[in-house]
Amino acid sequence: MLPSPSAVTLVRHPRTPAPVVRLIEVHAARSADGGLRLAYCLRGDMARLLIPAPGTPGSADGLWEHTCFEAFVGVTGDPGYHEFNLSPSGQWAAYAFSGYRQRDETLALLAPPRITARLFAGRLEVEATLAPDVLPPTTAGATLQIGLAAVVEAADTIDGSHSYWALRHPAALPDFHHRDGFALE
């Protein structure tokens with residue numbers, strides 16, 4: 001259940017070229033209150049990537065259509081999971097699913113994540129904190145399964161404009177909802 005910080009490297013889906021991205025690393029840790037802290041670091045040619053500009057923080061749909069970072073959180077043995085989209089703009093989206101791509105509209109995830117983004121020459125850092133009450137409920141001995149992912153939009157479209165990154169790509173096409181991609185416990 002991530003008792004201490006865990007650093008992982010995301011891998012690019014083989015069908016989505018990304019010549020200007022060198023590395024995406026994520027540090028994940030449970031906070032003392034049971035929440036989840038995530039720190040993404042994308043290294044590459046920032047001038048050739050489309051990074052959403054800082055804006056008014058708030059909930060927004062369609063963030064995955066541009067550069068954003070994602071977390072999928074489920075509990076071992078339960079088909080339900082929560083999805084979080086975290087944009088460098090400060091916008092976010094949170095969704096609950098009762099099963100594979102089956103939205104659960106009855107569950108509202110109200111506590112917004114705290115997002116901080118910093119852009120440097122050669123890297124983008126996005127940090128987010130998810131409150132414990134927006135994570136799927138766990139019982140004693142239950143383990144969280146986490147899928148970490150990123151969508152990166154390139155400014156030049158010679159090789160395709162989007163690349164898809166995750167801990168694991170279990171399908172022929174990018175699919176962050178595939179439970180076999182929830183590779184961090």
Side-chain angles (χ1 to χ4, degrees), residues 1-16 24-41 57-65 67-87 91-115 126-152 162-185:
M1 295 233 312
L2 298 177
S4 61
S6 178
V8 293
T9 300
L10 301 185
V11 295
R12 177 187 52 79
H13 192 279
R15 291 192 175 191
T16 61
I24 301 177
E25 185 176 58
V26 188
H27 292 267
R30 292 300 297 267
S31 56
D33 67 357
L36 185 61
R37 293 187 325 261
L38 302 167
Y40 295 82
C41 182
S59 179
D61 284 322
L63 297 176
W64 57 270
E65 295 174 355
T67 298
C68 82
F69 301 93
E70 301 187 13
F72 294 78
V73 183
V75 176
T76 302
D78 182 346
Y81 58 97
H82 295 178
E83 172 186 356
F84 303 93
N85 299 168
L86 311 162
S87 174
Q91 293 181 309
W92 57 274
Y95 308 99
F97 295 85
S98 59
Y100 177 74
R101 293 188 179 269
Q102 297 172 350
R103 284 279 298 272
D104 182 351
E105 301 289 347
T106 64
L107 183 59
L109 304 176
L110 300 176
R114 290 189 313 261
I115 302 171
V126 174
E127 295 178 9
T129 302
L130 305 174
D133 59 339
V134 302
L135 300 175
T138 58
T139 57
T143 302
L144 286 181
Q145 293 180 308
I146 301 171
L148 299 170
V151 176
V152 181
H162 290 77
S163 59
Y164 299 89
W165 300 74
L167 291 171
R168 181 181 300 149
H169 295 283
L173 296 175
D175 183 358
F176 299 153
H177 291 260
H178 196 294
R179 197 60 183 251
D180 290 344
F182 293 28
L184 187 64
E185 293 186 346

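Reckoned from all heavy atoms, side chains included, excluding hydrogens, waters and symmetry mates.
Put simply, the side chain of Thr143 never gets that close to the backbone of Glu185: no donor and acceptor are under 3.5 Å apart. For Ser87 (side chain) and Leu63 (main-chain N/O), no donor-acceptor pair under 3.5 Å exists by modelled atom type. Of the possible polar contacts, none joining the His27 side chain to the Cys41 backbone as a donor-acceptor pair under 3.5 Å is found. Side chain of His82 to main chain of Tyr95: no donor-acceptor pair is present (N/O by atom type, distance under 3.5 Å, no hydrogens or angles). Panel note: side chain Arg30, backbone Gly35; a donor-acceptor pair is recorded below 3.5 Å.
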Please lay out, stage by stage, how Tyr100 and His178 fare under the test side-chain hydrogen bond (donor to acceptor under 3.5 Å, both in side chains).
CA-CA 7 Å; Tyr100 177 74; His178 196 294; over 6 Å; no
Stepwise, does the side chain to side chain contact (heavy atoms under 4.5 Å, CB included) test hold for Ile24 with Thr9?
CA-CA 6 Å; Ile24 301 177; Thr9 300; over 6 Å; no
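Of all heavy-atom pairs between Arg179 and Pro79, the closest is NH1-O, 3.4 Å. Between Ala166 and Phe176, the shortest heavy-atom contact is CB-CE2, 4.0 Å. Closest approach of Leu173 to Arg15, counting heavy atoms only: CD2-NH1, 3.3 Å. Between Pro136 and Leu144 the shortest heavy-atom distance is O-CD2, 4.4 Å. Residues Leu36 and Ser31 approach most closely at N-OG, 4.1 Å, considering heavy atoms. Across every non-hydrogen atom of Phe182 and Gln145, the tightest pair is CD2-O, 3.7 Å.
Glu83 and Asn85 form a side-chain donor-acceptor contact under 3.5 Å, judged by distance and modelled atom types alone.
Other residues, nucleotides and ligands place no more than 12 heavy atoms under 6.0 Å from the CZ atom of Arg114.
Contact of the Phe72 side chain with the Ile146 side chain is not registered, since no non-hydrogen atoms from C-beta on lie closer than 4.5 Å. Contact of the Thr129 side chain with the Leu38 side chain is not registered, since no non-hydrogen atoms from C-beta on lie closer than 4.5 Å. Using a 4.5 Å heavy-atom cutoff, the side chains of Trp92 and Pro112 are in contact. In this structure, Leu184 and Val8 have side chains that are in contact, with non-hydrogen atoms separated by less than 4.5 Å. With a 4.5 Å cut-off on side-chain heavy atoms, Val11 and Trp165 do not count as touching.
Aromatic ring centres of His177 and Tyr81 lie closer together than 6.0 Å.
Note that CZ of Phe69 is 8.5 Å distant from CG of Leu10, once rounded to the nearest 0.5 Å.
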